[in-house]
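Note that these values count all heavy atoms, side chains included, but never hydrogens, waters or copies made by symmetry.
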Protein chains: 2
Amino acid sequence: MSDERPDLAAMLHPLLRALIAAEMPVLAEHDVSMWGYAVLTALDDTPVRTQAALAEAIGADKSRIIGTLDELQEAGLIERTPDPNDRRVRLLSITPKGRRVRSAVRKGIRAAEDRLLATLPAADRETFLRAVRELYDAH
Amino acid sequence: MSDERPDLAAMLHPLLRALIAAEMPVLAEHDVSMWGYAVLTALDDTPVRTQAALAEAIGADKSRIIGTLDELQEAGLIERTPDPNDRRVRLLSITPKGRRVRSAVRKGIRAAEDRLLATLPAADRETFLRAVRELYDAH
DNA sequence: TATTGTTATACTCTATAACTATA
DNA sequence: TATAGTTATAGAGTATAACAATA
């Protein structure tokens with residue numbers, strides 16, 4: 001029986017798709033993209049950074065997040081201020097409004113996760129989340 | 001503590017990436033693409049099907065698997081024979097060689113999975129796999 | 001008219017390379 | 001010259017639509 005299961009990636013892939021699909025309405029409700037939410041999260045957890053460092057932190061290329069930063073700035077969720085010490089860099093920071101949006105989105109996403117995980121017995125769910133976190137930290 | 005973790009999708013995404021990266025060398029070693037392996041797996045588990053049904057089964061579009069089928073047929077891993085009863089459809093079947101390749105690839109992939117999961121305590125690993133399977137079956 | 005397999009087209013992501021302005 | 005941010009270009013992957021053969 002234990003060898004009859006599908007490959008791990010073959011199971012995780014549709015699972016992740018379902019998870020993302022469940023998060024889409026939450027993101028749409030608050031008018032942020034997935035990358036926008038990732039940026040808000042990174043900025044909220046560690047306030048100031050250069051754009052390149054931010055990109056690195058969320059696993060994207062520096063050129064790829066620019067559109068996202070433009071949108072977030074336009075919406076007043078982040079600020080980009082020139083660094084007086086080195087006028088090449090733009091100091092990034094999340095605004096109070098950005099923090100509120102991030103918090104609201106996270107709450108909605110956690111609720112969606114809970115619904116998706118609801119079929120698991122509580123003990124298994126705990127272990128599952130702990131295992132995912134451990135694997136995530138290791139890679 | 002339980003609220004301090006990253007979002008589930010934010011953890012699963014890089015995890016899946018790492019898993020896929022670990023599988024790449026195995027696939028390359030046996031000269032099959034990821035989709036090719038998915039096709040072999042689907043055909044091995046339920047032998048005969050139309051291309052459209054096969055595509056549906058592996059979560060792809062019927063137009064998207066054609067190149068994959070061409071490659072597999074070229075390599076002698078599957079056969080496409082016209083259905084005498086309905087000459088529009090091509091009956092699909094996996095060849096003995098295809099079965100061997102599928103089996104060898106799966107063995108390599110399972111080994112890669114084991115290495116990736118090795119950091120987890122045995123009990124947690126069991127529960128993790130059981131939970132993933134249950135969630136996968138539910139979606 | 002509907003369906004199977006196929007080809008062609010377009011659209012989304014992403015990766016890479018140029019360009020500017022500063023240093 | 002090297003680096004931060006930006007823009008432009010090209011590639012992979014995917015989704016959709018059109019097409020020919022058959023039912």
Under 4.0 angstrom between A/R87 side-chain N/O and C/dA23 OP1 or OP2:
yes
Side-chain atoms of A/A52 come closest, of C/dA23, D/dT7, D/dG5, to D/dG5
Might you point out which heavy atoms bring A/R49 and A/A57 nearest each other, and give the distance in Å?
NH2-CB, 3.9 Å
In this structure, how many angstroms lie between the C1' atom of C/dT4 and the CD1 atom of B/I65, rounded?
12 Å
When rounded to the nearest 0.5 angstrom, what is the spacing between CD in B/Q73 and CD1 in B/I78?
6.0 Å
Output the rounded distance in Å from CG (B/L91) to C1' (C/dT4).
12 Å
Check: A/R88 side chain, D/dT3 base, donor-acceptor under 3.5 Å:
yes
Quick test of your reading of the model: are A/D44 and A/R106 salt-bridged, counting only N-O distances below 4.0 Å?
no
Have a look at A/T50 and say if it touches a base, only the backbone sugar-phosphate, or nothing, with a 4.0 Å heavy-atom cut-off.
sugar-phosphate
Return no unless some side-chain N or O of A/W35 is found under 4.0 Å from OP1 or OP2 of C/dT14.
yes
Quick one: which of C/dT7, D/dA8, D/dG5 gets closest to the side chain of A/S63?
D/dA8
Categorize A/D61 for me: base, sugar-phosphate, or nothing, with a 4.0 angstrom heavy-atom threshold over every strand shown.
base
Interatomic distance where NE2 belongs to A/H13 and C1' belongs to D/dG13 [whole Å]
11 Å
What nucleotide among D/dG5, D/dA15, C/dA15 has an atom nearest to a side-chain atom of B/R17?
C/dA15
Under 4.0 angstrom, heavy atoms only, what part of the nucleic acid is A/R49 near: base, sugar-phosphate, or nothing?
nothing
Starting from C1' on D/dG5, measure out to CG on A/D86 and report it in whole angstrom.
11 Å
Separation of B/K62 atom NZ from C/dA2 atom P, in whole Å?
14 Å
Between atom CD1 in B/I20 and atom C1' in D/dG13, what is the gap in whole Å?
13 Å
Check the distance between C/dT4's P and B/L69's CG and give it to me in whole angstrom.
15 Å
Using whole Å, what does the distance between atom P of nucleotide C/dG5 and atom CD of B/E56 come to?
13 Å
Before giving the answer on side-chain contact (heavy atoms from CB on, under 4.5 Å), spell out for A/L8 and B/F128 the whole-Å C-alpha distance, their side-chain angles and the decisive distance to 0.1 Å.
CA-CA 11 Å; A/L8 185 52; B/F128 170 74; 4.2 Å; yes
Are A/D83 and A/R90 within salt-bridge range, i.e. N to O under 4.0 Å?
no
If you pin A/R80 and B/R64 to their nearest nucleotides in DNA chain D, which one's is more 5'?
A/R80
